[in-house]
Amino acid sequence: DNDRLAVGFRKRGAGQGQDQSDEQSKQLLHDLGNLPIATSDNSKAIALAGQGYEALKAGSISKAKDLYAQALKLNATAPQALLGAGLIAYRDGDIESAILSLTAAAKAYGGSNAEVEHYLGCCYERRYDLNKNREDLKSAQAHFIKCKQINGNHPMVKMDLERIESRLKK
């Protein structure tokens, strides 16, 4: 079922051949499903975030978006809901909202979640593709480096860092 949804998570409009592969898209969905949910007093928010992930996995993007929004109304720092909302915003091309949600998710996870850092790096690289602000490439690089520090075996970060370093040399 991740194969079907993976196509929807390909980078769109990034320009210059920067589309994510289907494998990277599948990895994104796999990672989202395996992220730990931080403990919270608000069990309903956690349950809604879990339902949001299931809806996302089933391809019901609008339902997932609604469930994540409901979870965030109950608990504005629910990490999985922030992450899910950020990934949907990224998928929809709303990079600024994605960065806001993923930055909040990084804070909610205590700055120790490699996947959130990886997706933040992807957002900043995509924002660079849209506006050509070199600072965005530097931000992408910083998030990819943090991802590598947290998880040196992350499946995509080595390739991401090489690509960013090459782009920074131009």
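- Taking the six-membered ring where the residue is Trp, H143 and Y124 present parallel rings, their angle staying beneath 30° rather than reaching 60°.
- Checking side-chain atoms of S166 against main-chain N and O of E162 turns up no donor-acceptor pair under 3.5 Å.
- Put simply, NZ on K65 and CG on L87 are 12.5 Å apart, with the number rounded to the nearest 0.5 Å.
- With contacts defined as side-chain heavy-atom distances shorter than 4.5 Å, the pair F144/E117 does not qualify.
- The salt bridge (Lys or Arg N to Asp or Glu O under 4.0 Å) analysis of residues 67-90, with sequence neighbours excluded, yields no pairs.
- Looking at residues two or more places apart in sequence or on another chain, you find a salt bridge (Lys or Arg N to Asp or Glu O under 4.0 Å) between E135 and K138.
- Test E165, R167, R163, E125 against Q141 for side chain to side chain contact (heavy atoms under 4.5 Å, CB included) and you get one pass: E165.
- Judged by distance alone, the side chains of H154 and E115 do bring a donor and an acceptor atom under 3.5 Å apart.
- Residue pairs satisfying the salt bridge (Lys or Arg N to Asp or Glu O under 4.0 Å) criterion with at least one member in residues 96-110, sequence neighbours excluded, are listed as follows: E96-R127.
- The CD1 atom of I99 sits 11.0 Å away from atom SG of C122, with the distance rounded to the nearest 0.5 Å.
- Sorted by first and then second residue, the salt bridge (Lys or Arg N to Asp or Glu O under 4.0 Å) pairs with a member in residues 74-83 form an empty list; sequence neighbours excluded.
- Although no hydrogens or angles enter the test, the distance criterion places no donor-acceptor pair under 3.5 Å between the side chain of R91 and the main chain of I61.
- For residues 147-159, no pair satisfies salt bridge (Lys or Arg N to Asp or Glu O under 4.0 Å), with sequence neighbours left out.
- Other residues sharing a hydrophobic cluster with I150 under the 4.5 Å side-chain heavy-atom criterion for ILVMFWY residues do not exist; the residue is a singleton.
- Rounded to the nearest 0.5 angstrom, N113 CG and Q80 CD are separated by 10.5 Å.
- With values rounded to the nearest 0.5 angstrom, Y128 atom OH is found 15.5 Å from I95 atom CD1.
- Atom OH of residue Y119 and atom SG of residue C147 lie 9.0 Å apart, to the nearest 0.5 angstrom.
- Grouping the Ile, Leu, Val, Met, Phe, Trp and Tyr side chains by contacts below 4.5 angstrom, directly or via other members, places L102 apart from L100.
- The hydrophobic cluster containing L72 also includes L82, under a criterion of side-chain heavy atoms closer than 4.5 Å among ILVMFWY residues, counted directly or through chains of members.
- Considering only heavy atoms from C-beta on, L67 stays 4.5 Å or farther from Y53 through its side chain.
- Put simply, the side chain of Q70 does not reach to within 4.5 Å of the side chain of L74, judged on heavy atoms.
- Residues satisfying the salt bridge (Lys or Arg N to Asp or Glu O under 4.0 Å) criterion with E54, sequence neighbours excluded, are K57.
- Taking D94 as the reference, S97 meet the side-chain hydrogen bond (donor to acceptor under 3.5 Å, both in side chains) condition, with sequence neighbours excluded.
- Partners of S112 under the side-chain hydrogen bond (donor to acceptor under 3.5 Å, both in side chains) rule, at least two apart in sequence or in another chain, do not exist in this structure.
- The CG atom of L83 sits 6.0 Å away from atom OH of Y109, with the distance rounded to the nearest 0.5 Å.
- Partners of N153 by side-chain hydrogen bond (donor to acceptor under 3.5 Å, both in side chains), not counting sequence neighbours: none found.
- For Y90 against C123, the heavy-atom pair with the smallest separation is CD1-SG, 3.5 Å.
- The shortest heavy-atom contact between A71 and A81 is CB-CB, 3.9 Å.
- Annotation: side-chain hydrogen bond (donor to acceptor under 3.5 Å, both in side chains) contacts of T77 (sequence neighbours excluded): N75.
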